[in-house]
Each structure stands twice: as structure tokens, then as C-alpha cells.
Protein chains: 2
Amino acid sequence: MGLDYYKNHKHVLVALDCIIFGFDKNELKLLLIKRDFEPEMGKWSLMGGFLQSNESLDEGAGRILNNLTGLKNIYLEQLHSFGEVNRDPVERTISVAYYSLIDIHSHDKELVKQNSASWFSLNEIPDLIFDHEKMVNSALKMLRSKASHQPVGFELLPEKFTLPELQKLYEGIYSTSLDKRNFRRRILAMDVLIKTEEKEKKYSKKGAFLYKFDQKKYKEKVTNGDSLVFKPL
Amino acid sequence: MGLDYYKNHKHVLVALDCIIFGFDKNELKLLLIKRDFEPEMGKWSLMGGFLQSNESLDEGAGRILNNLTGLKNIYLEQLHSFGEVNRDPVERTISVAYYSLIDIHSHDKELVKQNSASWFSLNEIPDLIFDHEKMVNSALKMLRSKASHQPVGFELLPEKFTLPELQKLYEGIYSTSLDKRNFRRRILAMDVLIKTEEKEKKYSKKGAFLYKFDQKKYKEKVTNGDSLVFKPL
DNA sequence: ATAATTAAATGTTATTTTAACACTTAAAAA
DNA sequence: TTTTTAAGTGTTAAAATAACATTTAATTAT
């Protein structure tokens, strides 16, 4: 072996695909694009692109997410790399999949339109190209697992949100229904929420108090190694 | 865009690196190789290689693991892909890291010698090339997380093992000490162990009963969606 | 033969956590 | 002022957990 050992190996294309979650009208949703290019033109797929030579995998995924939503500094985590030999019919390509949680109301709707993208409820997802369905299932599993031991749910909500909204979100993530009293007790016990004096009256006459996620307290807890297990179930 | 869209992107090398865990003398260990090729000749690194065009990522990782240990059908899971731009000084390379759990006494010692590989205790790991230390830390974290909700520990032991040995293993994985009575109660409560009539007398005069892992029962439980949470702590 | 040694094996209890459950309150609308 | 709607709040029985010490089986030494 030696330096030219490297040259004797096949170089492959590296794709980055993003599973983008949002939450709207009490439902967990996914942002998909309608391909206006070959292969599989006209079919639905995850937003993706190819790794460029001047960027890391994380940076590439961030760029692709930004291209579609206009958002920066978004919750984005690597999910898994998919590398079946014939997963892309055109050419050997491995895909590094990322999943992202965004506040569905904060993205650039114009960009989304330009990319012929739309949001789909989890139970209305169309057929997807290649192995993208596998990626989505894997991401959903990951999201569930993550949400049960890290407060990631907040990433899907606007800065201020009510406890009933937060509960609906967790119910969406786990496709289940939760007891209101137990939910509130547990989520407040995590001690990373700040109650504001404002009320959101969209959903009821009484109105529900708005809360904010306490980033600072959360980071402190992480630093101290405090457990942040949140089992909504 | 179109078919030749693919051609306009840089193709990169894809490496596969294996973090190989074993358990010996009450310690969790890692199998590392001394590089006899450039770059970084003479330094320690994870066992790795490049993805070939006729194999999937999983298959490639299995091949590399087999090259070093002679073992097949080993517990092997994808960990994470590492893709910093300059992680490999020779050429842009992304590495898909896998971690593997093997019975340390079952591998081919001749092959290991040929590859100038050795086993290292976790607290005696030498400096590693590139970003391999990051990979090891990440794998250890993953192993801990996995072991707490799936009975992966058995992969690191021979077919038959005693409960004291199993406890030592978990203590190694979590770098902690556990109460014998609570440990036994919990591990047996999982109901995936078969007690044999044989005793292992290596460690005591009385001898400890040997147990086997009940693959069949385990798979049943997985199929039924039974929870298999094991919190040794 | 008996005693000493060594690690394996075993159960109980107080404490904490969890899950199940129904009424009251605030505000707007009728 | 009555009705409507969803928000907000506590208690309790059951289950899970964590803390803890003695007995047992077999070998080794006397």
C-alpha cells in the first residue's frame, strides 16, 4: 500500500438528503419536493443535493436545507448513510441522510414554491423515489427516540407556545394521546420552560398561557450532566 | 438539471472504519491496527478500507471486519459518517464508521498479527490518526446507549457465560459498579437467558452457573414489540 | 476429618416514580 | 346572567427502584 493506494479505489458521488419535519394544525408534517429533473422527474422526493468539495457533510446538509427554506442555524442532525449498490439507477451514489426540525411557519414560502415543494402529513406521504421512504421511516423512529430523552420538540414550535400545543406536538410525534395532567406535570418537572404573562386565545375563550423554552437553563443542565429524560408515554 | 447533472459533481473516496469492541479480563477493549502504509505509517488507527463498487456500505464494513478477524455474521452497526473537508490529508475522503461487538476469544489471532493489530483497554488507547479518536468516543457513547435498551452485551461474550461475568461486562461498559442482587434480578427479569446445568469454576471454588442467551425468545419479544429496556444503573 | 477461605446465590423493605382519574376556573358568546 | 369551551389543577393506588446482609457450595489448608 502507499499513497497511490488511494488512486486505485473507485470514487463515488455523495448525496445529502434532508428529512424536514414541521408541525402544523396538530399534525407532524414532512416537506417534500416534486422533482423537475431526471431521473424520476415528476415524482416526489426528499430535498437533496450533492456534496461539494469545499464543505463538510454537515455544512452541505445545512446548505441544502437553506436552499429550500431560506433558514439558517436550524436543528439538523445526521441520521444514517444509505449505500446499497443500486439505490440510484443513474450512478453509484451514497446518500448521507439528515433530519431537521423547523418551525413550519418561519420558512420562506416563496423558495418552497420555487422548488415545487409541499408539506405532507405523515399518513399522506406519496410514493417517494429511490430509498427515500426508508429514510423517512428511519427519521421518524429517530425523532421518537430523540424526543423521549431530549427536549427536541421545541424546535418544531415558534418561540412562544402553549402547553396544550406542546402536548399536541408530542401526541403527534408518538401517535398517541396523553393525559393532560400527567403531561403538564412531567414537562414542567424538566424545569426548562419559562411561563410568560401572555395568553394565546386562538383555541379557547379562556386562553392558554404562553411559554418559552429556556435555552440557557437547558444548556446548564446538559453541562451538569443532569438527566433530561422526558418520557411522555 | 438532468442526467449530466450527476457528472458535474465531485466524486469522493468513501472509507469504512470499524470500531471493534471486545471484552477481556473484566475490561472493555478496542482492536486497533498499526499502520504499515502511508499516510501516518507507524501510527495506530481503526481498521478501515475503501468502499468497493460491488458492495453496499454494510457489506464493505463486514468485509473489512472479516479481513481483520476472520469472523463472519458479526454484530455490526453503522455509527455515523464523518466528512470534514480535511479529515484525510491525502485526499477528500468521507468515512462511514461502523462499530462491532465480538467475542474477543473467537477471532483469528493469526490474521490479527498479520495486520499488526492489538487490543487496547479503553483507558490506554494510544493517539489515533485523523479523526479516529472522535469515532471511538462516539462509538462508546452509542454502545452505552444501545446497551441500556437492547441486550447487546451478549455479543461480547462467548456462547455460555456466568452472571458475574455479564455483570462485569456491564460494569465495564458503564464504568461503574453495580449491586449484584439488583443486577441479577433485572437481567433475569428480561427473560432472555437460559440457565444451563454447567458451572464455570475458573473464578471461584463454588463455581457459577453458565447461562446462554435465548436468541429465539429475544426475537419473539422484538416481534411482539415487548419492551426490552435494560437499565443496569 | 475439620476448619478456613472464597466467591456465588438469595429476599426484604422503604422510597420514589408512575398511571389513573374528575372537578374547577377563566373568558367569551349567547 | 347563563351557557359554552378549553385551560388549569391534586390525590391516590400501584409499580418500580435502590439500598442493604446473610447463607451456601465447593475448594484449600490444617
Side-chain angles (χ1 to χ4, degrees), chain A residues 25-27 147-149 153 157-158 160-172 174-191 193-212 221 226-233, chain B residues 25-27 147-149 151 153 157-158 160-172 174-212 221 226-233:
Chain A
K25 306 212 179 68
N26 296 343
E27 277 190 317
S148 74
H149 55 264
L157 294 172
K160 294 177 186 176
F161 50 86
T162 68
L163 293 187
E165 282 169 341
L166 186 61
Q167 181 175 345
K168 287 275 166 42
L169 169 59
Y170 274 95
E171 290 176 333
Y174 292 104
S175 314
T176 187
S177 64
L178 302 170
D179 180 273
K180 195 180 4 175
R181 291 158 290 187
N182 292 338
F183 176 80
R184 294 172 75 99
R185 185 174 333 106
R186 288 164 111 122
I187 203 88
L188 291 171
M190 290 179 77
D191 192 30
L193 289 187
I194 302 167
K195 186 178 184 176
T196 73
E197 290 310 306
E198 303 161 70
K199 275 191 167 183
E200 165 65 70
K201 299 200 176 169
K202 208 179 340 175
Y203 306 105
S204 80
K205 292 157 185 173
K206 182 178 182 178
F209 281 104
L210 286 161
Y211 286 76
K212 287 192 292 184
K221 281 173 189 281
D226 293 5
S227 132
L228 275 157
V229 177
F230 173 68
K231 303 218 169 151
L233 305 178
Chain B
K25 308 215 177 69
N26 296 343
E27 277 189 317
S148 74
H149 55 265
L157 293 172
K160 294 177 186 174
F161 50 85
T162 68
L163 294 187
E165 282 168 343
L166 186 62
Q167 181 175 345
K168 289 271 164 48
L169 168 59
Y170 275 94
E171 291 176 333
Y174 293 103
S175 313
T176 187
S177 64
L178 302 171
D179 181 273
K180 196 183 356 180
R181 289 158 291 186
N182 293 338
F183 176 81
R184 294 172 77 99
R185 186 174 333 106
R186 289 165 110 122
I187 203 90
L188 291 172
M190 289 179 78
D191 191 30
V192 290
L193 290 187
I194 302 167
K195 186 178 185 176
T196 73
E197 289 310 305
E198 304 160 69
K199 276 190 167 184
E200 166 64 69
K201 300 202 176 168
K202 209 179 338 176
Y203 306 105
S204 79
K205 292 156 185 171
K206 182 179 180 178
F209 281 103
L210 286 161
Y211 287 76
K212 287 192 291 184
K221 280 172 191 281
D226 294 4
S227 132
L228 275 156
V229 178
F230 174 68
K231 302 218 171 152
L233 303 177

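Chain letters run A, B, ... following the sequence lines, proteins first and then strands; every chain starts at 1. Worth knowing before you read on, the calculation uses all heavy atoms, side chains too, and leaves out hydrogens, waters and symmetry mates.
Set against D/dG10, D/dT9, D/dA6, the side chain of A/Arg184 has D/dT9 as its closest nucleotide. Comparing D/dA7, C/dA8, C/dA19 against the side chain of B/Ala208 picks out C/dA8 as the nearest. Checking C/dT25, D/dT28, C/dA19 against every side-chain atom of B/Lys205, the shortest atom distance belongs to D/dT28. Of the candidate nucleotides D/dT5, C/dA20, D/dA18, D/dA18 has the atom lying nearest to any side-chain atom of B/Arg185.
Without hydrogens or angle criteria, B/Gln167 side chain to B/Arg184 main chain gives no donor-acceptor distance under 3.5 Å. Side-chain atoms of B/Arg186 never come within 3.5 Å of backbone atoms of B/Phe230 as a donor-acceptor pair (strictly under, hydrogens ignored). A/Tyr174 places a side-chain N or O within 3.5 Å of a backbone atom of A/Ser148 that can act as its donor or acceptor partner. For B/Glu200 (side chain) and B/Phe161 (main-chain N/O), no donor-acceptor pair under 3.5 Å exists by modelled atom type.
Rounded to a whole Å, the CG atom of A/Leu178 is 14 Å from the C1' atom of C/dT18. Taking atom NZ of B/Lys231 as the reference point, atom C1' of C/dT17 lies 11 Å away to the nearest angstrom. The distance between atom CD of A/Glu200 and atom P of C/dA27, rounded to the nearest whole Å, is 15 Å. Atom CG in B/Asn182 sits roughly 16 Å away from atom P in C/dT16 (whole-Å rounding). Rounded to whole Å, atom P of D/dT22 lies 14 Å from atom NZ of B/Lys180. For A/Lys206 and C/dA29, the NZ to P distance is 16 Å, given to the nearest whole Å. In this structure, B/Lys195 places its NZ atom 13 Å from P of C/dA8, rounding to the nearest Å. What separates CD1 of A/Ile187 from P of C/dT18 is a distance of 14 Å, to the nearest Å.
Contact annotation for A/Lys199: backbone-only contact, meaning every heavy-atom pair under 4.0 Å involves sugar-phosphate atoms and none involves a base. Across all strands, B/Lys201 comes closer than 4.0 Å only to sugar-phosphate atoms, never to a base (heavy-atom distances).
Shown here is A/Lys212, whose NZ atom has no more than 12 heavy atoms of other residues, nucleotides or ligands within 6.0 Å.
Map B/Arg181 and B/Ser204 each onto its nearest nucleotide of DNA chain D; the residue landing nearer the 5' end is B/Arg181. Projected onto DNA chain D by closest heavy-atom contact, B/Gly207 and A/Leu188 fall at different nucleotides, the more 5' of which corresponds to A/Leu188.
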